[in-house]
Amino acid sequence: MTTTSAAASTRSVWDGLVGQRPTIEVLQQAAAGHGMTHAWLFTGPPGSGRSNVARAFASALQCERRTGCGACEACRLGTSGSHPDITWVRSETSVLYVNDMRDLVQSAAKFPAIGRWQVVVIEDADRLGTPENPRTGNALLKAIEEPTPRTVWLLCAPTVQDVLPTINSRCRTLTLATPGTEDVAAFLTRNDGVSETVASFAARASQGHIGRARALALDEETRTRRREVISIPARLTSLGSCMTAATNLAELAKEETEAITAEAERRELDELQAIFGSERKDTTSRAYRAALKGLEDLQKKKAKRRVLDVIDRALMDLVSVYRDAIAVSVGAPGMLVNEELRGDVAVVARATTPEELLRMIDAVFTAREQMLEFNVPPQLALESMTVALRLPGGR
Ligand SMILES: [Zn+2]
């Protein structure tokens, strides 16, 4: 009996990773049994594919051939996210909770049901706590310090510094590269079948963020919203235009967040109602009302986080315009990130000096810090930012 007739054309679990050759080699070795360890930390900028690397490695660890062949049952279950011995921990709120972590540590200590390893992936290891409030991280610490023989922890975070020192010092860290424009473009053509022109645009505009690149390549509305954001700098010529731009930015972020959020919230409510049997009109019970309140609170936190993520990306798009303007004013060769809007970029470059452009980039990062670190309301932070981005000579 043949296991599969399509083995030759089957994609291995590593095929979806972009520009991560050195990391893949280490992980392939480990899956084959060389240099295996029980706690790994994958770091890299958003969109570099940390979760995808974790998914591929988790699958390869379970793979019947120990290679991540992509063809066996274990690989198939692993890549589809339904392997019983691979647990995914995601947090859309800003923190992971200590009780959830205690439960998780307990179930992670169990012997694998069908696979070789009990694999736990923590996608947001940066939300395990801070040195001042490390309770969730501490719940995990012992499990990593004195691991059960068949358990593997895969942690993902933007940088090593984002993870509690007590945790990161006990992990083997692999740092992912920001994939190059050419790698991303090639991936989009191969994986999504988009034209080379679209792939080249999306790869440049995403600046190495794979998920963003795919959204830009495949979704017209995403392209339109980005275009609106990057056309802002050239228009900031008066105080009035700065105020308008701040409002527009906040609204664009809200629109995009709502698009992402609406469907997720509807599904969560459906699930809750299914649990409480809405067909029996049991939704007036005290337990249901309490659960509904809990869900609504959680959804509020998630929505707030999503809005910040979306604004954050818009700010990075703005930064790309100022970097392009510097490239134009110093006459650097090569394509701009925003090659398609070279005219707008030139307007900004003509109105400013490179020093002023650097100061503007600083202003964007200040706004980002105010919102993400100090909880300044977005509208307020965006207004100070756009005023600081006003082109000299405007009035
Ligand atoms: Zn396999």
Side-chain angles (χ1 to χ4, degrees), residues 1-44 47-90 104 107-123 125 143-144 147-156 171-177 179 183-184 186-193 210-211 214:
M1 189 187 144
T2 53
T3 46
T4 167
S5 55
S9 63
T10 304
R11 293 153 50 93
S12 88
V13 300
W14 313 102
D15 282 356
L17 307 181
V18 185
Q20 308 299 343
R21 193 26 65 191
T23 297
I24 292 174
E25 278 166 15
V26 171
L27 296 177
Q28 282 175 329
Q29 290 280 318
H34 311 293
M36 185 53 191
T37 180
H38 53 83
W40 298 75
L41 171 60
F42 302 123
T43 64
S48 55
R50 297 180 303 240
S51 313
N52 294 340
V53 167
R55 183 185 304 277
F57 186 40
S59 307
L61 285 173
Q62 311 290 16
C63 172
E64 290 157 22
R65 299 181 177 87
R66 305 197 175 200
T67 58
C69 67
C72 71
E73 177 75 357
C75 279
R76 208 181 50 71
L77 290 171
T79 48
S80 68
S82 47
H83 196 294
D85 297 318
I86 302 175
T87 306
W88 283 81
V89 183
R90 296 188 176 90
L104 184 70
S107 58
K110 285 187 201 140
F111 209 72
I114 60 166
R116 280 184 294 132
W117 300 94
Q118 185 70 257
V119 183
V120 185
V121 186
I122 301 182
E123 279 200 326
I144 290 189
T148 38
R150 303 288 288 273
T151 306
V152 183
W153 296 87
L154 307 183
L155 278 53
C156 306
C171 296
R172 173 150 183 207
T173 300
L174 291 178
T175 302
L176 308 191
D183 282 338
V184 176
F187 173 77
L188 292 174
T189 337
R190 187 177 74 229
N191 194 66
D192 299 302
I210 305 288
R214 294 193 69 212

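Ligands are counted one by one from 1 in listed order, and the atoms in each one are counted from 1 as well. What you see below is based on every heavy atom in this structure, not just the backbone, and it leaves out hydrogens, waters and symmetry mates. The first residue of the sequence shown is numbered 1, and numbering continues consecutively from there.
Residues forming a side-chain contact (heavy atoms from CB on, under 4.5 Å) with Arg172 (at least two apart in sequence, or on another chain): Val26, Thr37, Trp40. Legend: residues meeting side-chain hydrogen bond (donor to acceptor under 3.5 Å, both in side chains) with Ser48, ordered by chain and number and at least two apart, are absent.
Of all protein N/O/S atoms, those under 2.8 Å from the Zn ion (ligand 1) are Cys63 SG, Cys69 SG, Cys72 SG, Cys75 SG, and waters are not counted.
With Asn52 contributing its side chain and Leu17 its backbone, the two residues share no donor-acceptor pair below 3.5 Å. Checked by atom type and distance alone, the side chain of Arg150 never pairs as donor or acceptor with a backbone atom of Phe111 at under 3.5 Å. No donor-acceptor pair closer than 3.5 Å links the side chain of Asp85 to the backbone N or O of Pro112.
Listed by first then second residue, pairs satisfying side-chain hydrogen bond (donor to acceptor under 3.5 Å, both in side chains) with a partner in residues 111-123 read Ser51-Glu123, Arg90-Glu123, not counting sequence neighbours.
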